[in-house]
Each structure stands twice: as structure tokens, then as C-alpha cells.
Amino acid sequence: MRRPVAVVLALALASAAPQALAGEPAPARAHVEKTFLIPAEEGYGVGECLSGGPSECGQVVANAWCESQGYASAVNYGVAAQDEYTGAIPAAPIPAPTAARPLRITCQD
């Protein structure tokens, strides 16, 4: 009994498809980073660890913050520069009371 050419071709393509897919690498996942600004006086006492520059304490606190937000780890942390949290509003004519600068934590997936 003779099979139609279309059936043989369809069977050949179907058997070759898994082999072709197995050789292809999985699509790369997009690298995601997000920066959080935290008030310096947030009340938990972590400002000392985060504002003192790179340290073991700061890295542990920053990693914990990122994990609590659903990210894998912290890439960077420290005191936020003024241009990271202000600048959209024109300067006030009267000097505003100075407040502590917020803390910045950049998380990654």
C-alpha cells in the first residue's frame, strides 16, 4: 500500500521539529532593575547601614529590602543625590527647612 507524499512529508516534519527545538537556546530573560527611594527617617533604624557607604551591614539590609519587594538582590544603595528625588518644582523663594536626604536602593531580578 502506498502512502500519499503529503502524509510522509508531514510525518518527517513532525519528527524533526523536537530535534530542531532542542538545539535552540531558551530566549533570554530581560534584565530588570528598579530604584526605590526610602525616607531617611522611616523608623526602622536601617538608615545608618545604608547611608554609611558600602558595607556588609548595608548590603544585607539592601538585599533584604529588594527581596521583600520581589527582586533577587540589591545592585546599589546609598544616600540619594538631590537630582534623583527633586528638581521638578521651581525653587521656593523662602528657604525650606532642611530635611535628611532619602535613601536609594537599586534592585535587580
Side-chain angles (χ1 to χ4, degrees):
M1 186 157 174
R2 198 166 168 232
R3 293 185 183 180
V5 175
V7 172
V8 173
L9 183 58
L11 288 173
L13 288 174
S15 65
Q19 295 169 352
L21 290 176
E24 291 181 21
R29 193 170 146 194
H31 180 72
V32 178
E33 283 189 2
K34 184 171 182 179
T35 299
F36 296 92
L37 293 176
I38 306 160
E41 297 90 19
E42 41 56 45
Y44 293 104
V46 298
E48 293 81 25
C49 285
L50 295 175
S51 62
S55 69
E56 187 175 335
C57 173
Q59 190 65 51
V60 168
V61 169
N63 284 340
W65 175 269
C66 291
E67 289 171 12
S68 73
Q69 302 301 314
Y71 290 87
S73 63
V75 178
N76 200 345
Y77 62 90
V79 178
Q82 188 172 3
D83 64 348
E84 291 179 308
Y85 64 92
T86 189
I89 301 172
I94 326 172
T98 58
R101 295 189 332 200
L103 304 169
R104 169 191 38 80
I105 300 176
T106 302
C107 303
Q108 70 179 355
D109 247 353

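Every value quoted in this text rests on a predicted model; they were computed, and no experiment measured them.
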All side-chain hydrogen bond (donor to acceptor under 3.5 Å, both in side chains) counterparts of T106, not counting sequence neighbours: T35
Partners passing side-chain hydrogen bond (donor to acceptor under 3.5 Å, both in side chains) against E48 (at least two apart in sequence or in another chain): none
Gap between atom CG of N76 and atom CD of Q108 - 0.5 Å precision: 10.5 Å
Side chains of E33 and Y71 in contact at under 4.5 Å (non-hydrogen atoms): no
Distance-minimising heavy-atom pair for W65 and C107: CD1-SG, 4.3 Å
Which residues share a side-chain hydrogen bond (donor to acceptor under 3.5 Å, both in side chains) with E67, sequence neighbours left out: none
Point-to-point distance, once rounded to the nearest 0.5 Å, from CG of D109 to SG of C66: 10.0 Å
P102 and F36, any side-chain heavy atoms less than 4.5 Å apart: no
Shared hydrophobic cluster, L50 / V75 (ILVMFWY, side-chain heavy atoms < 4.5 Å): no
Considering all heavy atoms, the nearest L103-G47 contact: CD1-CA, 3.6 Å
Nearest-0.5 Å distance that lies between atom CD in Q59 and atom SG in C49: 11.5 Å
N/O donor-acceptor pair under 3.5 Å between N63 side chain and A74 backbone: yes
